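In what follows, a structure is listed as structure tokens, so that the remarks can point back to it.
Note that this is a predicted model, so its numbers are computed, not measured.
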Amino acid sequence: MSSTNNLLKAIIEGVQSVKGENLIDMDLSNLDQAACNHFVICHGNSDTQVEAIAHSVEKKVNEMTGEKVIHSDGYRNAEWILLDFVDVMVHVFQKDVRERYDLESLWADAKIKNIN
């Protein structure tokens, strides 16, 4: 299994263990303008849950792959937390913020895989 697949598996387990909702994997690898190969997007129902999901992803990725997030942003208000693992960027939103930014439409050319 490739390192990207191992990373995706760990991220998905981290999101699911804290009941992140509407989890998707957007494959951006065929898009010229993409900064990474995958966006993993989900949402939680409160700032507490969004923060818990992000922490769970960081912990699970480190346990399963030994990798650490190279950059994170958004923990302060926990409306949209971004975790950058270079090849994969994880976006953990509050539901209304996810709807407002609508990354799925902005990157509509990506292949979208619904996880849950």
Side-chain angles (χ1 to χ4, degrees):
M1 187 179 276
S2 79
S3 62
T4 298
N5 287 340
N6 288 335
L7 180 58
L8 287 167
K9 183 176 185 210
I11 290 165
I12 289 165
E13 285 189 30
V15 170
Q16 290 175 331
S17 71
V18 190
K19 310 255 189 275
E21 297 186 20
N22 195 14
L23 175 59
I24 65 168
D25 170 22
M26 297 180 72
D27 184 341
L28 309 170
S29 60
N30 292 326
L31 305 179
D32 293 335
Q33 69 275 24
C36 63
N37 287 327
H38 292 266
F39 280 173
V40 174
I41 303 172
C42 70
H43 68 263
N45 294 309
S46 67
D47 56 347
T48 304
Q49 186 185 18
V50 166
E51 189 172 336
I53 293 166
H55 282 302
S56 177
V57 167
E58 287 193 63
K59 181 179 178 192
K60 190 60 78 173
V61 166
N62 189 262
E63 287 173 358
M64 292 177 66
T65 70
E67 291 189 44
K68 295 184 185 220
V69 66
I70 65 155
H71 179 76
S72 64
D73 197 13
Y75 274 107
R76 180 173 288 162
N77 64 12
E79 290 181 353
W80 175 2
I81 296 177
L82 172 69
L83 303 174
D84 185 350
F85 292 98
V86 182
D87 197 37
V88 180
M89 289 190 188
V90 181
H91 301 268
V92 184
F93 288 98
Q94 287 190 33
K95 185 176 182 182
D96 62 325
V97 177
R98 180 179 184 171
E99 290 169 355
R100 183 176 338 130
Y101 286 99
D102 195 13
L103 294 183
E104 292 93 327
S105 291
L106 287 173
W107 293 91
D109 292 341
K111 290 181 251 168
I112 296 177
K113 177 180 176 187
N114 292 306
I115 310 296
N116 68 1

Got a list of side-chain donor-acceptor pairs under 3.5 Å for residues 73-83, not counting sequence neighbours?
from  : atom 1 : to    : atom 2 : distance (Å)
Tyr75 : OH     : Glu58 : OE2    : 2.5
Asn77 : OD1    : Glu79 : N      : 3.2
Trp80 : NE1    : His91 : ND1    : 3.1

Just list the side-chain donor-acceptor pairs under 3.5 Å for residues 32-43, sequence neighbours left out, or say none.
from  : atom 1 : to    : atom 2 : distance (Å)
Asn37 : ND2    : Asp87 : OD1    : 2.5
His38 : ND1    : Asp25 : OD1    : 2.8
His38 : ND1    : Asp25 : OD2    : 3.4
His43 : ND1    : Arg98 : NH1    : 3.1

For residues 61-69, dump all side-chain donor-acceptor pairs below 3.5 Å to protein atoms at least two apart in sequence or in another chain.
from  : atom 1 : to    : atom 2 : distance (Å)
Asn62 : ND2    : Glu67 : O      : 3.4
Thr65 : OG1    : Val61 : O      : 2.7
Thr65 : OG1    : Glu67 : N      : 3.1

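Legend: side chain to side chain donor-acceptor pair (under 3.5 Å) pairs involving residues 105-115, not counting sequence neighbours, sorted by first then second residue: Asp102-Ser105.
Ile12 and Phe85 end up in the same hydrophobic cluster when Ile, Leu, Val, Met, Phe, Trp and Tyr side chains are linked at under 4.5 Å. Put simply, Leu23 and Leu7 are part of the same group of oily side chains (I, L, V, M, F, W, Y) that touch within less than 4.5 Å, one to the next. Connection of Leu28 to Val86 is not established within any shared hydrophobic cluster, with ILVMFWY side chains joined at heavy-atom distances below 4.5 Å, either directly or through further cluster members. The cluster map of Ile, Leu, Val, Met, Phe, Trp and Tyr, joined by side-chain heavy atoms under 4.5 Å apart, puts Val88 and Ile115 in the same cluster. Note on Val90 and Ile70: separate hydrophobic clusters, where clusters join Ile, Leu, Val, Met, Phe, Trp and Tyr whose side-chain heavy atoms are under 4.5 Å apart, directly or indirectly.
With hydrogens and angles disregarded, a donor-acceptor distance shorter than 3.5 Å links the side chain of Gln49 to the backbone of Asn45.
For Ser56, the side chain to side chain donor-acceptor pair (under 3.5 Å) test picks out Ser17, with sequence neighbours left out. Taking the side chain to side chain donor-acceptor pair (under 3.5 Å) definition, one finds that Asp27 meets it with Ser29, sequence neighbours left out.
Atoms CG and CD1, on Asn22 and Ile24 in that order, are 6.5 Å from each other to the nearest 0.5 Å. Atom NZ of Lys60 and atom NE2 of His55 lie 16.0 Å apart (nearest 0.5 Å). A distance of 11.5 Å separates CD1 of Ile11 from CE of Met89, quoted to the nearest 0.5 Å.
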